[in-house]
Amino acid sequence: SCKSKGSFVHQFLRRQGQCFQTQATSTKKDGEEEIIAKIVELLKYSGDQLERELKKNKALMNNFQDQLSYPVFKTITDHFLRGVDTRGESEVRARGFKAALAIDVTAKLTAIDNHPMNRVLGFGTKYLKDNFSPWVQQQGGWE
């Protein structure tokens with residue numbers, strides 16, 4: 001069983017079937033670095049898995065690449081973020097986590113798109129501006 005401090009990071013890891021515990025002697029910074037490393041590992045795994053599945057299904061891959069537009073990108077990202085459980089977290093933490101996941105979606109789709117990178121990165125930039133600008137401004141701006 002996993003013991004967690006109840007944060008959404010720990011809940012995310014638990015939902016992914018991973019147990020993650022920091023040792024009692026670890027400093028808070030070490031614990032945070034371990035959590036970040038584990039999340040990076042899980043996100044990389046999910047991106048690799050997506051790429052493998054798309055490579056198995058050439059028709060799906062070609063169809064995806066041919067039809068990828070901003071509305072399709074937005075729909076994928078919206079559906080993905082809708083499934084993220086941030087109940088019990090502050091608005092600041094929840095929005096920050098969702099913004100980070102939107103960036104991750106962009107990175108994963110950039111990796112499997114054969115078109116110039118700036119196309120998908122442009123979609124990601126537009127999505128962040130459209131969906132997170134007011135929140136970012138409340139937190140001090142983009143800088």
Side-chain angles (χ1 to χ4, degrees), residues 1-22 26-143:
S1 69
C2 295
K3 293 181 180 180
S4 90
K5 298 176 184 174
S7 74
F8 65 84
V9 171
H10 288 94
Q11 292 167 11
F12 173 78
L13 293 174
R14 228 182 13 254
R15 281 192 305 274
Q16 296 298 316
Q18 305 291 322
C19 289
F20 180 81
Q21 298 174 334
T22 57
S26 294
T27 65
K28 184 177 180 178
K29 184 176 180 186
D30 289 343
E32 289 174 359
E33 289 175 6
E34 290 177 40
I35 289 169
I36 290 168
K38 188 62 175 178
I39 290 173
V40 168
E41 180 182 322
L42 289 168
L43 293 173
K44 188 187 305 184
Y45 173 76
S46 66
D48 292 345
Q49 186 177 2
L50 172 65
E51 186 175 10
R52 279 192 303 273
E53 292 299 318
L54 285 173
K55 282 184 178 178
K56 284 183 197 175
N57 188 337
K58 296 291 185 192
L60 177 62
M61 174 70 124
N62 291 336
N63 207 3
F64 170 75
Q65 290 174 336
D66 291 343
Q67 295 183 19
L68 185 59
S69 62
Y70 180 72
V72 172
F73 175 89
K74 182 180 182 332
T75 301
I76 290 169
T77 307
D78 286 345
H79 283 294
F80 179 74
L81 294 181
R82 241 182 256 128
V84 176
D85 181 7
T86 57
R87 289 178 292 187
E89 296 299 326
S90 70
E91 179 67 18
V92 171
R93 289 178 58 116
R95 295 290 290 175
F97 189 59
K98 286 186 174 189
L101 290 175
I103 293 167
D104 185 60
V105 168
T106 302
K108 286 184 172 102
L109 293 178
T110 297
I112 61 173
D113 183 28
N114 287 334
H115 292 87
M117 283 182 66
N118 62 1
R119 182 176 83 141
V120 174
L121 292 175
F123 294 162
T125 301
K126 179 173 175 32
Y127 187 88
L128 288 171
K129 285 183 179 178
D130 290 351
N131 294 279
F132 293 97
S133 284
W135 175 80
V136 168
Q137 294 305 322
Q138 291 171 350
Q139 305 312 306
W142 292 100
E143 295 180 4

Rounded to the nearest 0.5 Å, what separates atom [atom1] in [X] from atom [atom2] in [Y]?
X    : Y    : atom1 : atom2 : value
K126 : T106 : NZ    : OG1   : 13.0 Å
N131 : K98  : CG    : NZ    : 10.5 Å
R119 : T110 : CZ    : OG1   : 10.0 Å
L81  : I76  : CG    : CD1   : 12.0 Å
T77  : K108 : OG1   : NZ    : 11.5 Å
F80  : D104 : CZ    : CG    : 6.5 Å

Check your understanding: What are the two closest heavy atoms between Y70 and Y127, and how far apart are they?
Key ->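 That closest heavy-atom pairing would be OH-CA, 3.4 Å.
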
Practice item. Please name the pair of heavy atoms, one in E91 and one in W135, separated by the smallest distance, quoted to 0.1 Å. Key: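 Here E91 and W135 meet closest at O-NE1, 4.1 Å.
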
Review point. Residues in side chain to side chain donor-acceptor pair (under 3.5 Å) with R82, at least two apart?
Key: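 By the side chain to side chain donor-acceptor pair (under 3.5 Å) rule, R82 matches H79.
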
**Study point:** Q67: partners by side chain to side chain donor-acceptor pair (under 3.5 Å), with sequence neighbours left out
**Key:**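 Partners of Q67 by the side chain to side chain donor-acceptor pair (under 3.5 Å) criterion, ordered by chain and then number, come out as N63.
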
Check your understanding: Considering residues at least two apart in sequence or located in another chain, which fulfil the ring pair (Phe, Tyr, Trp, His ring centres under 6.0 Å) criterion with F73?
Key ->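 Per chain and number, F73 pairs via ring pair (Phe, Tyr, Trp, His ring centres under 6.0 Å) with F123.
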
